[in-house]
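Notes follow once the structure below has been shown.
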Amino acid sequence: KVMLDSDLSILYGIETKKFNQAVKRNLKRFPKDFMFQLTKNEYESLRLQIVTSKNGRGGRRYMPYMFTEQGIAMLSSVLNSEKAIQVNISIIRTFVKIRHLLTSNETLADKLINLEKGTNKLFKIIFERLDGLEESTPTLPVKRKKIGLK
């Protein structure tokens, strides 16, 4: 549902620094529901997941920005190049496809719930039959001849 500024800058073919400068020159176009900056804790968690460089050895010096679908749509008015237009169209189409998948008739969560119900019924039947087998299996005498090595 959101994209990182550095990922967007790669798609648009410009440096993250220049990308963010263009956005900062047009901050009125990006309210908090279009773009937000990560907190230090969120950034550290993200760094652990994507293995970015350590502090003091290059890499980011500022907390990254995250852009929502609306913010990405707004980028087309800020980044005005042919590539920016094509990238924006592709990203918006991808968001629309994701939204369509999430709102389809039977979502993934519904499928998992139905699968869970089916397996619960199946396990109940299996355990009932095992209990029946256990009841019908004769008990062995305590003093019996053992089979195998001593």
Side-chain angles (χ1 to χ4, degrees), residues 1-137 139 148-149:
K1 294 189 176 192
V2 294
M3 289 187 75
L4 192 62
D5 60 359
S6 57
D7 293 335
L8 286 166
S9 69
I10 291 169
L11 289 173
Y12 288 110
I14 58 175
E15 293 176 33
T16 305
K17 181 178 180 178
K18 290 181 181 178
F19 175 89
N20 285 334
Q21 284 173 345
V23 169
K24 286 177 185 177
R25 283 192 297 266
N26 295 280
L27 277 178
K28 290 181 182 179
R29 295 178 186 265
F30 297 96
K32 291 185 184 216
D33 58 328
F34 283 28
M35 175 192 82
F36 58 92
Q37 195 168 25
L38 292 179
T39 65
K40 187 171 177 110
N41 287 339
E42 291 168 335
Y43 178 58
E44 289 302 318
S45 176
L46 183 65
R47 282 186 55 199
L48 291 173
Q49 291 176 27
I50 60 173
V51 191
T52 59
S53 60
K54 295 179 182 177
N55 289 337
R57 294 189 182 200
R60 295 197 81 121
R61 288 168 194 60
Y62 305 101
M63 298 301 116
Y65 290 98
M66 300 298 285
F67 291 83
T68 64
E69 182 178 351
Q70 294 88 354
I72 292 168
M74 187 58 72
L75 285 171
S76 63
S77 66
V78 173
L79 305 171
N80 199 9
S81 70
E82 189 59 38
K83 184 170 185 171
I85 293 167
Q86 294 307 313
V87 168
N88 246 28
I89 291 169
S90 297
I91 291 171
I92 296 301
R93 284 183 176 153
T94 302
F95 273 121
V96 169
K97 286 179 185 176
I98 290 170
R99 190 180 318 112
H100 178 70
L101 285 173
L102 292 175
T103 59
S104 64
N105 290 340
E106 191 173 16
T107 64
L108 185 58
D110 293 336
K111 288 180 182 179
L112 285 173
I113 289 168
N114 290 335
L115 179 64
E116 199 173 81
K117 286 179 186 175
T119 54
N120 286 343
K121 288 178 186 175
L122 182 62
F123 279 117
K124 184 178 179 184
I125 292 168
I126 291 170
F127 284 120
E128 285 173 358
R129 291 196 178 162
L130 285 174
D131 287 341
L133 280 174
E134 192 175 314
E135 290 171 6
S136 65
T137 305
T139 56
L149 300 173

- [ ] Nearest 0.5 Å please: distance from the NZ atom of K17 over to the OH atom of Y62.
- [x] 7.5 Å
Task: Inter-residue atom distance I10.CD1 - T16.OG1, 0.5 Å rounding - done: 6.5 Å
Task: Gap between atom OG1 of T94 and atom CD of E69 - 0.5 Å precision - done: 10.0 Å
Task: Distance (rounded to the nearest 0.5 Å) between Y65 OH and L38 CG - done: 10.5 Å
- [ ] On the 0 to 90° scale, with breaks at 30° and 60°, tag the F67-F30 ring pair as parallel, tilted or perpendicular.
- [x] perpendicular
Open item on the list: Does any part of the side chain of I91, heavy atoms only, come nearer than 4.5 Å to the side chain of L75, both counted from C-beta?
Closed with: no
Open item on the list: Less than 4.5 Å apart, side chain to side chain, heavy atoms only: is that true for M35 and L27?
Closed with: yes
Task: Minimum-distance pair of heavy atoms, taken over all atoms of S6 and S9 - done: O-OG, 2.8 Å
Task: Nearest-0.5 Å distance, CD1 of residue I72 to CE of residue M66 - done: 9.0 Å
Open item on the list: Do M3 and L11 have side chains that approach each other closer than 4.5 Å (heavy atoms only, starting at C-beta)?
Closed with: yes
- [ ] Heavy atoms only: give me the nearest P64-L4 pair and the separation to one decimal.
- [x] CB-CD1, 3.6 Å
- [ ] Rounded to the nearest 0.5 Å, what's the gap from CD on Q70 to CD1 on I92? Could you check?
- [x] 8.5 Å
Open item on the list: If you define the side chain from C-beta out and look only at heavy atoms, does anything of T39 sit under 4.5 Å from M63?
Closed with: no
